[in-house]
Amino acid sequence: MRNPVMLYSVGKDSAVMLHLAMKAFYPSQLPFPLLHIDTTWKFKEMIRFRDETVARLGLNLLVRRNEAGLAEGITPFTHNSSIYTQIMKTEALKSALSSFGFDAAFGGARRDEEKSRAKERVFSLRSDSHGWDPKNQRPELWTLYNGRLKAGESVRVFPLSNWTETDIWQYIMRERIPLVSLYFAAKRPVVERDGQWIMVDDDRLPLRPGEVPEMRSVRFRTLGCYPLTAATESTAATVPDVLQEMLVARTSERSGRLIDHDEAASMEKKKREGYF
Amino acid sequence: MLGFAQTEELEVSSKCETVSDYLHAHERKSLLRFLTCGSVDDGKSTLIGRLLYDTQLLMEDQLAALAADSRRHGTTGDDLDFALLVDGLASEREQGITIDVAYRFFATEQRKFIVADTPGHEQYTRNMATGASNADLAIILVDARQGILDQTRRHSFIVSLLGIRHVVLAINKIDLVDYSQAVFDEIETAYRSFAEPLGFVSLQAIPLSARYGDNVLTRSAKLPWYQGPTLIEYLESIEVESDRRAAPFRMPVQWVNRPNLDFRGFAGTIVAGVVRPGDRVAVARSGVTTLVKRIVTQDGDLPEAGAGEAVTLMLEDEIDVSRGDVLAAAAERPEVSDQFAAHVLWMHDDPLMPGRPYLIKLATSTVGASVTHIKHRVDINNFAKLATKTLEKNEVGFVNIMTQAPLAFDPFCRVHDTGAFIIIDRITNHTVGAGMIDFSLRRASNIHWQALDVDMNARAIAKGQKPALLWFTGLSGAGKSTIANLVEKRLHAIGKHTYLLDGDNVRHGLNRDLGFTDADRVENIRRVAEAAKLMVDAGLIVLASFISPFRAERRMARDLFAAGQFVEIFIDTPLEVAEGRDPKGLYQRARNGLIQNFTGIGSPYERPEAPHITITPDISADEAAELIVSHLDRGCYLGTATG
């Protein structure tokens, strides 16, 4: 691997991965840039926090969007979530990786998040078209990762593979890692849509008949594009509060992600196509 | 997740304290990594699903998805089919088998667990080994109705080979044999006698039913005769820590940390032992020693760091250290050698070939290497040692390995992280094998590596080929030189090192003094053969194109070479065809009496009795060249497959 990049999604797993990297390379600076794929539908607060973090730590951040997709007017409302995700996230990511010639990309995915992630390698080989072939993965024994690549191939590296959600929160608390405030409860304008709370982060969210934004104390367990990321009602305003709530939670983390429910094996399908 | 009942009822005021207590407990909890293995249908996935369900790790949305999946794909009627939870990939749900390693996470009040769910089917044995490489304990499942099968034995052997010392024999589906103690006792006794040579430190047999939950988390009333622990009780209490901190200090260097001219540190994860500032450490390969100056972290310098911790070490002296080096306790250094004996598990469809160049990755260093000798293959059913020339996929062999540069290592049984390696194919980059070092083949007493004698084998490995003499024989005009030329071009194109000897380049120099008498013909061939022998010793693939009509002289040439180094290629073009071509007009001149002793006209051609390759004129020169190259490839002369 010659040209690595760290995928930075602004979420809590990214925060932990970034923190670990800062510690690992200390006192040197990170020897690679960060890459954020901006669909333009991220929460405003995420973008603000991202820029603040970059300034605070002196990072080299690259931001890429799918300009063609934007020009075509693709939004979470004009297209169903799987097409939208494919175009605005996956395609943008693939084109960014290709145009910079990155041959290794660090990601914060964990095996405990979802079934098909449970079989993901720590070093996950991608073809020159960024495809993932679950039947043709390299065996990973001990901690001996095989990062050798042919021209055009790349590898996605998941250093947090074996962390659980509890491990993540425990580490955030122990290391006092700053997080986007969206993880903590506050009064936010939301509408109830298909049984989930969707935040009205700006005036681009088309309201359906009968939908009236109301202020509720909510927080997010996972962060993505605001129209596709459901909030949970909560009063947990601190890390201990969040943990307390998590311990009694009966709904798993990714259920707030609307894109996972599209179809059976949806995540595996997205990953084969190059989704992180 | 643990402790729902308790935490729900907590006072809000004590929340913070409780959560930090919880986190503190979570942080202190030891982690047990285990794998489940057994034959297809022994119920591995069901057992893991049961563990997740019983330890309340499943969330409501996952349970809802499971209920839907159970109706669609399930095999358990109206009950939840726990296997569906675990079999993540779509093709597995369809085929009903687990084809990869899946990792699952759960925790109880005592411990955190990572489970590797590994495939049962024989063709996925390598995946099982993958799961085993990072596990401390193995649950070997046996279907109570089936007893011990070949797969049970194979998996037990792999588990033992990969250094796992603790085994649970889970005798599953006990409900289907009427909870019979006799069945349980019989299987346990058979297993203990089979597993005796595998050296497990602990072996616990537990009767259980993954489907109904008997003896998984809760003790079963249907098994009153069983007094031992439930599976969870056992997993929570088993002590597996072989104190890695007690071993001598080892830190493979991952990265040289050099932010500015005043700071030079060596970053890596300590894999064994403990280090403190002031300790004397050695760079294993060079043997140079120095003292540890500082243990640097972002949170301040440490007074001590041990196995499992990732640190940056600053040393007292400016010595040469780079990625791939191992920093080690100066008093107890690793072995340093370019030859060692190891057990290898082969994982790829293309078999392991001695002499073929591979890459070996051991700790943080990657070097060229080849297997010089397969001492034996191990029959995993009865542990018999069998002679073999190659290792096929899923086979285990005991081999000698030679590396292009010396490596620092420990026997696997002493320090896993500096004794384990993977084998990588140089062309495809696949991980094709996994190895565990048994011992060095050169005494490590000389810490400074002595250059090994550069012999033919060493040169051959450097060139990635098996040196040989290809002897093209046949009538004048048969096409020997044409075909030999095409073969050399093809070999050159795939990076092989060659040289072509023929009448033209030999008779003008080396053999300028020789004529065409019988004696001179013999001397001609003798000199050619001797020159070729030197070139083969230099590691080349030599092509010699000579009429060489007499068996005796071809035999003389052949006898200069070891078996396999001499390849006789008979260009079997009949006289009338060769004479019809007559590219140099020689036949015409011989017929006209202008050339004496011309082979085929005035002098006989003795056909080879058992050539390695025979080329007849019904194929083109290109096809002939292709046929010869593929013969060489099959015989492993070309190092790696040419596709």
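Letters go in sequence order (proteins before strands), and every chain restarts at 1.
Contact count against chain A (heavy-atom pairs under 4.5 Å) is highest for B:Asn134 among B:Thr297, B:Val311, B:Asn134, B:Thr366. Ranked by heavy-atom pairs shorter than 4.5 Å toward chain B, the options A:Asn146, A:Thr164, A:Asp167, A:Leu125 are led by A:Asn146.
In this structure, the separation between CD1 on A:Ile177 and NE2 on A:His19 is 4.5 Å, given to the nearest 0.5 Å. Between the CD1 atom in B:Ile295 and the CD1 atom in B:Ile270 there is a gap of 6.5 Å [rounded to 0.5 Å].
For chain A, the nearby part of B:Leu362 is the backbone; its heavy atoms alone come within less than 4.5 Å. For a residue to count as touching a neighbouring chain, one of its non-hydrogen atoms must lie under 4.5 Å from one of that chain's; by this rule A:Phe25 touches chain B with backbone and side chain alike. Contacts between B:Ile114 and chain A at a heavy-atom distance below 4.5 Å involve the side chain alone, from C-beta outward. Proximity to chain A (any heavy atom under 4.5 Å) is restricted, for B:Arg33, to the side chain, taken from C-beta onward. Of the atoms belonging to B:Ala135, not a single heavy atom falls under 4.5 Å from chain A. Contacts between B:Ala420 and chain A at a heavy-atom distance below 4.5 Å involve backbone atoms as well as side-chain atoms. Using a 4.5 Å cut-off between heavy atoms, B:Tyr103 contacts chain A through both its backbone and its side chain. In this structure, chain A has a heavy atom under 4.5 Å from the side chain of B:Val296, while its backbone stays farther away. Contact of B:Asp299 with chain A is made through the side chain alone, with heavy-atom distances under 4.5 Å. Only the side chain of A:Glu175 comes within less than 4.5 Å of a heavy atom in chain B; its backbone stays farther off.
Salt bridge status for A:Lys150 with A:Asp128: absent, with no side-chain N to carboxylate O gap under 4.0 Å. By the 4.0 Å N-to-carboxylate-O rule, A:Arg126 lies too far from A:Glu153 to be salt-bridged with it. Residues A:Glu245 and A:Arg219 are paired through a salt bridge, judged by an N-O separation under 4.0 Å between the basic side chain and the carboxylate.
No side-chain donor-acceptor contact under 3.5 Å links B:His416 and B:Ser133.
When each of A:Phe158, A:Phe123, A:Phe32, A:Tyr8 is checked for a ring pair (Phe, Tyr, Trp, His ring centres under 6.0 Å) with A:Phe106, only A:Phe32 meets the rule.
Two residues are said to be in side-chain contact when any heavy atoms from C-beta on lie closer than 4.5 Å; A:Val239 and A:Phe184 meet this criterion.
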